There are 2 protein chains.
Amino acid sequence: MEPTNQPNASRTVPEPTLRRLPLYHRFLKGLAEQGREFVSCTMIAEELGLDPTQIRKDIEVTGAVGRPKVGYVLTELTAAIEGFLGWNNINEAFLVGAGSLGSALLGYSKFEQCGLSIVAAFDADPAKVGQRIHDKMVLPLEKLPNLAQRMGIKIGIITVPAAGAQKVADLMVEGGVRAIWNFAPLRLRVPENVIVRNEDLYCSLAALSQKLAQALEQEKKNEGEVIHAAR
Amino acid sequence: MEPTNQPNASRTVPEPTLRRLPLYHRFLKGLAEQGREFVSCTMIAEELGLDPTQIRKDIEVTGAVGRPKVGYVLTELTAAIEGFLGWNNINEAFLVGAGSLGSALLGYSKFEQCGLSIVAAFDADPAKVGQRIHDKMVLPLEKLPNLAQRMGIKIGIITVPAAGAQKVADLMVEGGVRAIWNFAPLRLRVPENVIVRNEDLYCSLAALSQKLAQALEQEKKNEGEVIHAAR
DNA sequence: TAGATTGTTAATCGATTAACAATC
DNA sequence: TAGATTGTTAATCGATTAACAATC
């Protein structure tokens, strides 16, 4: 038995928590290199500019248990996060779309440390098929369903233009893929037992630039008021 | 005067709303191509699998006004969203990190339709400096602050590895950049008047794979129970 | 007119934050 | 012991969803 409680895997964990855990993990790795043995929520909170209570709640879902006054044993907490996120056992994935974004992702070797191994790329373009990108073969798209089925691939990554993305998603679903990381700027239609995570850059960009515009406008307004008040 | 109300730009708009507006916009563009004249929240909701009331609230912030029973005039609503998101006037941006991800972003010509024009790339590697990527010059990193200042650049995009990202952010801030789109997997330290949007793929991946793991586990458990109950 | 849809107010839900007892 | 920190419960906050009157 492990020294930690049973992870709270049965109840669904809030998405924001899932997105913060890797941040904690990254920070802990840094501390480990410095030879630290313990870590408190206060410390993590200060580093990341978050609320200590929030961090404590996030950690709770991983099953890690700390000691009052001391904090968490660094190695234990790191292991608990890795275990909870499934970073110990590797998921194999197929990537479709061997363009520049796809090539970039194929080169992200650190995905392996996060439990993701992209084992092959696919493309509809015969000119790309047969190439090797970062040591991964580019295969013809039509072979995807069969291969995914045979290899038990559960994760698909879509880096094709919007126009071709739905077709790719359909092929993935046909091949038994259960989670799709979608970089194409559109919403895919998939059966409800398939998880989709959209990395829609246009949506992110919109949020960023609108906030910037608002901040700049607010400043202009404030300046105006200051000048007005100074008279 | 326009036929719409004054956009609700003074109060800060919820982030989820900002991220959904581009989805509506994309759908409206599609409808326009089909020659439609009006659109209702119900229709948008069905297409995107969202709640109609939510869409109505989102639209409200853009200042667009609809008519009961009819819905919104398609062109009016489209214009309202574009106006609210600032897609009419273009922001110029600098990108730092002419690697594969950076190159991919430099090729996203549709950013221009969303008010973003990447006007130059920068890199610390002398081997990359002087190249042209998608018609954009790659300049030496150290020239960034001065150039940003002179050109009034307010948006910076970071596509360098984590190790170099903070230094890049510092240079951007020095050059007067006020919004940073950060693709490096770390949290940047910036003055509080600078907006940062993190595109941290490891965080997204963690959320996706944990959800997949949980779904698969849940299924296994359910299967077990079914078998158990069948006895 | 009848009914679909908007606009708006109220209720619900979920996540963050605060409060505080337990404890090493 | 005193004080920092955990674990947990309660309060707050913000976004989503429901309810419903107004209206074309």
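Throughout, a chain's letter reflects where its sequence line sits, starting with A, and its residues are numbered from 1. Remember, predicted model here, so these are calculated numbers, not experimental data.
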Which comes earlier along DNA chain C counting from the 5' end, the contact point of A:Pro68 or that of A:Pro14, where each point is its nearest nucleotide? A:Pro14
Side chain of B:Pro16 only, please: which of C:dC24, D:dA15, C:dG7 is the nearest? D:dA15
Specify the separation, in whole Å, of atom NZ of B:Lys57 and atom C1' of C:dT12. 13 Å
Salt bridge (Lys or Arg N to Asp or Glu O under 4.0 Å) between A:Glu15 and B:Lys211: does it pass, once the steps are laid out? CA-CA 9 Å; A:Glu15 169 104 13; B:Lys211 278 185 196 163; 2.3 Å; yes
Using the ring of each side chain (for Trp, its six-membered ring), is B:His25 parallel, tilted or perpendicular to B:Trp87, with breaks at 30° and 60°? perpendicular
I'd like to know if the side chain of A:Gln166 reaches the main chain of A:Arg189, judged simply by a donor and an acceptor atom lying under 3.5 Å from each other, with no hydrogens or angles considered. yes
If you only use heavy atoms from C-beta on, which nucleotide in D:dT16, C:dA19, D:dA19 is closest to the side chain of B:Thr53? D:dA19
Using five pairs at either end of the helix from C:dG3-D:dC24 to C:dC24-D:dG3, determine the angle between the two local helix axes and round it to 10 degrees. 0°
Separation of C:dT1 atom P from B:Lys69 atom NZ, nearest Å, is 13 Å
B:Asp200 and salt bridge (charged side-chain N to carboxylate O under 4.0 Å, His left out): which single residue from A:Lys110, A:Arg19, A:Arg26 fits? A:Arg26
What's the CD-C1' distance between B:Gln54 and C:dA10, to the nearest Å? 17 Å
Do B:Val190 and B:Met172 have side-chain heavy atoms sitting under 4.5 Å apart? no
Separation of D:dA22 atom P from B:Arg56 atom CZ, nearest Å, is 16 Å
Within this structure, what is the CG-to-C1' distance between B:Asp51 and C:dG14, rounded to whole angstrom? 16 Å
Is it the case that more than 12 heavy atoms not belonging to A:Glu37 sit under 6.0 Å from its CD atom? no
Check the distance between D:dT16's P and B:Ile55's CD1 and give it to me in whole angstrom. 11 Å
Regarding A:Thr42, tell me which of base, sugar-phosphate or nothing describes its non-hydrogen contacts under 4.0 Å with the strands shown. sugar-phosphate
Could you tell me the separation between the CE atom of B:Met43 and the P atom of C:dA4, rounded to a whole number of Å? 14 Å
In whole Å, I'd like the distance from the CD atom of B:Glu60 to the C1' atom of C:dT8. 8 Å
Any side-chain heavy-atom pair from A:Leu85 and B:Gln210 closer than 4.5 angstrom? yes
The nucleotide from D:dC24, C:dG7, C:dC24 with an atom nearest the side chain of B:Tyr72 is C:dG7
